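The model shown is predicted, which means the values in this text are computed figures rather than measured ones.
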Amino acid sequence: MRSLTPGIPLIAAGLLTAGLLAPAAPAAAASAEVCAGVPAPKLRAVRPDSRLNGMFTSYGNGNRRLDDWTGADGTYSVRLSDGRDLWIYSDTFLGRVNKDGTRPPTVDDGGTTPFVNNSFIVQKGRRLTTEHGGTAKNPTALLPPPDKNHWYWAGDGTTAGDKVEVTYQEYERFGPGAWDWRWSRNVVARFAQKRLSKPLSVTPLPSGRQIAWASALRRVGGFTYIYGVEDHDATKYMHIARVRGESLLGAWEYYAGNGTWSASEQDSARVMDGVANEYSVSRHGRVYVLITHDTTQRLGAEIVAYYSCTPYGPFVDKTHVYTTPETGADGSYHNANVFTYNAHAHPEVAGPGGDLVVSYNVNSFEPKDLYADAGIYRARFLDLSFS
């Protein structure tokens, strides 16, 4: 097995840092303003999204096909033009889940479970289907690597006319050691909405500042905003770019701070720290809500929100949202190796009463745990209710 995406290897290499009902903890200063005359929204409740959690659990445990999804991380989503939802994943287990909830080892480890570095699930109503490359008997990554020493992990995606554009980060292996691999560059892959089984093209994206431009995408007005992360292990910085129109293939400009934009990636400002490698910025009423795991705590279990009056900040009024119950020896798995990471919102997937849907990933530092319990390596979904 090459990797288990921003889970085991990224954290172990020092690059990265549901379940149960946990009451929301509103911001300490409930009357705080996001900007002049605009109060911060009040987080009223957080509850597990039983519909989505149940749907993916049922699909992952079903053995109707043996080349479909049983667990993955990444968990981005895009609403397609015809109303279907496209779920975008990085490292993905395919194949069978045993009746006792265990997963056979991967093919590379002598077992029967296919393992690929990226995949899609297409949702129509409650019907889910998996898209991968290769064949049913020999599945491969949906976006194949250029050679055996490279692979792609997925970021956020967006629609552009009748196409879907998905951001990917390319990684490369440079030596024989277990951790002899590194981030290489950003690319965007284009897919036809009516034929998602094969990319139409792969185009390089800006990569000169070592910023992973894949954390989040959000369309606001006439622009598509691109959110990235500059990862320095213990400290991770938010960066923001934008492109006019729907497609990421246009001319980018970069937020340089103080309300200014530049055509040069070198001018991209560190907007704030404390974000995860994956996060989200979405509109709620008069404000923009940033959802992220709190990486000011290394490998922490806290999901937090910040608010802004613009899609490029400043993001203020840090608010505790949720403590993931799975994390650590005192968590629901009673396993010190289990951790959670990369919370972000899915504003196109409405929760009950219009709640904001948020997902986060669950993983373990010990790969054997992912075989002993197939349910560990699946996202958990929450519904956030604001005033």
Trainee: Which residues, ordered by chain and number, are linked to Tyr168 in its hydrophobic cluster, where ILVMFWY side chains connect at heavy-atom gaps below 4.5 Å, directly or through other members?
Mentor: Tyr76, Val78, Leu80, Leu86, Ile88, Phe120, Val122, Leu142, Leu143, Tyr152, Val164, Val166, Val187, Phe191, Leu196, Val202
Trainee: Between Thr224 (side chain only) and Val243 (backbone N and O only), is there a donor and an acceptor less than 3.5 Å apart?
Mentor: no
Trainee: Return the minimal non-hydrogen interatomic distance between Arg103 and Ala374, and the atom names on each side.
Mentor: NH2-O, 3.4 Å
Trainee: Return the minimal non-hydrogen interatomic distance between Ser282 and Arg218, and the atom names on each side.
Mentor: CA-NE, 4.0 Å
Trainee: Distance from Ile291 atom CD1 to Glu278 atom CD, nearest 0.5 Å?
Mentor: 14.5 Å
Trainee: ring-ring contact (aromatic ring centres under 6.0 Å, His included) with Phe386: which residues, sequence neighbours excluded?
Mentor: His284
Trainee: Does some side-chain heavy atom of Asn149 sit less than 4.5 Å from a side-chain heavy atom of Glu172?
Mentor: no
Trainee: Show the nearest heavy-atom pair for residues Gln193 and Ser81, with the distance to one decimal.
Mentor: OE1-N, 2.9 Å
Trainee: Distance alone, cut at 3.5 Å: any donor-acceptor contact between the side chains of Gln210 and Trp183?
Mentor: no
Trainee: Do Glu302 side-chain atoms and Gln297 backbone N/O form a donor-acceptor pair below 3.5 Å?
Mentor: no
Trainee: Under the ring pair (Phe, Tyr, Trp, His ring centres under 6.0 Å) rule, what do Trp252 and Trp213 come out as? Steps first, then yes or no, please.
Mentor: CA-CA 11 Å; Trp252 286 31; Trp213 292 110; 5.8 Å; yes
Trainee: Return yes if some donor-acceptor pair links the side-chain N/O of Ser207 with the main-chain N/O of Arg185 below 3.5 Å, else return no.
Mentor: no
Trainee: Just do the side-chain hydrogen bond (donor to acceptor under 3.5 Å, both in side chains) check on Tyr59 and Gln123 with the steps written out, would you?
Mentor: CA-CA 11 Å; Tyr59 183 63; Gln123 178 186 351; over 6 Å; no
Trainee: Mark yes or no for whether Asp109, through its side chain, and Gly111, through its backbone, hold a donor-acceptor pair below 3.5 Å.
Mentor: no
Trainee: Can you see which heavy atom on Thr112 is nearest to which on Pro104, and at what distance?
Mentor: OG1-CB, 3.4 Å
Trainee: Before you tell me yes or no, could you show the steps for Thr102 and Asp100 under side-chain hydrogen bond (donor to acceptor under 3.5 Å, both in side chains), namely the whole-Å CA-CA distance, both residues' side-chain angles and the distance that decides it to 0.1 Å?
Mentor: CA-CA 6 Å; Thr102 61; Asp100 61 359; 2.6 Å; yes
Trainee: Tell me every residue that passes side chain to side chain contact (heavy atoms under 4.5 Å, CB included) with Asn61, counting only those two or more places apart in sequence or in another chain.
Mentor: Thr57, Val97, Arg378
Trainee: Kindly indicate whether the side chain of Leu370, heavy atoms from C-beta on, has any atom under 4.5 Å from the side chain of Ser364.
Mentor: yes
Trainee: Looking at Thr292 and Ala276, would you say the former's side chain and the latter's main chain have a donor-acceptor pair under 3.5 Å?
Mentor: yes
Trainee: Using the side chain to side chain contact (heavy atoms under 4.5 Å, CB included) criterion, which residues pair with Ala160? Sequence neighbours excluded.
Mentor: Glu165, Arg190, Glu246, Ser247
Trainee: Short question: side chain of Thr135, backbone of Asn138 - any donor-acceptor pair under 3.5 Å?
Mentor: yes
Trainee: If you link ILVMFWY side chains whenever their heavy atoms are less than 4.5 Å apart, which other residues fall into the same cluster as Tyr306? By chain and number, please.
Mentor: Val220, Phe223, Tyr225, Tyr227, Val229, Met238, Ile240, Tyr255, Trp261, Val271, Met272, Val275, Tyr279, Val281, Tyr288, Leu290, Val304, Tyr312, Phe315
Trainee: Residues two or more places apart in sequence or in another chain: which of them pass salt bridge (charged side-chain N to carboxylate O under 4.0 Å, His left out) with Arg65?
Mentor: Asp67
Trainee: Is the backbone N or O of Gly274 less than 3.5 Å from a side-chain atom of Thr295, with the two atoms forming a donor-acceptor pair by type?
Mentor: yes
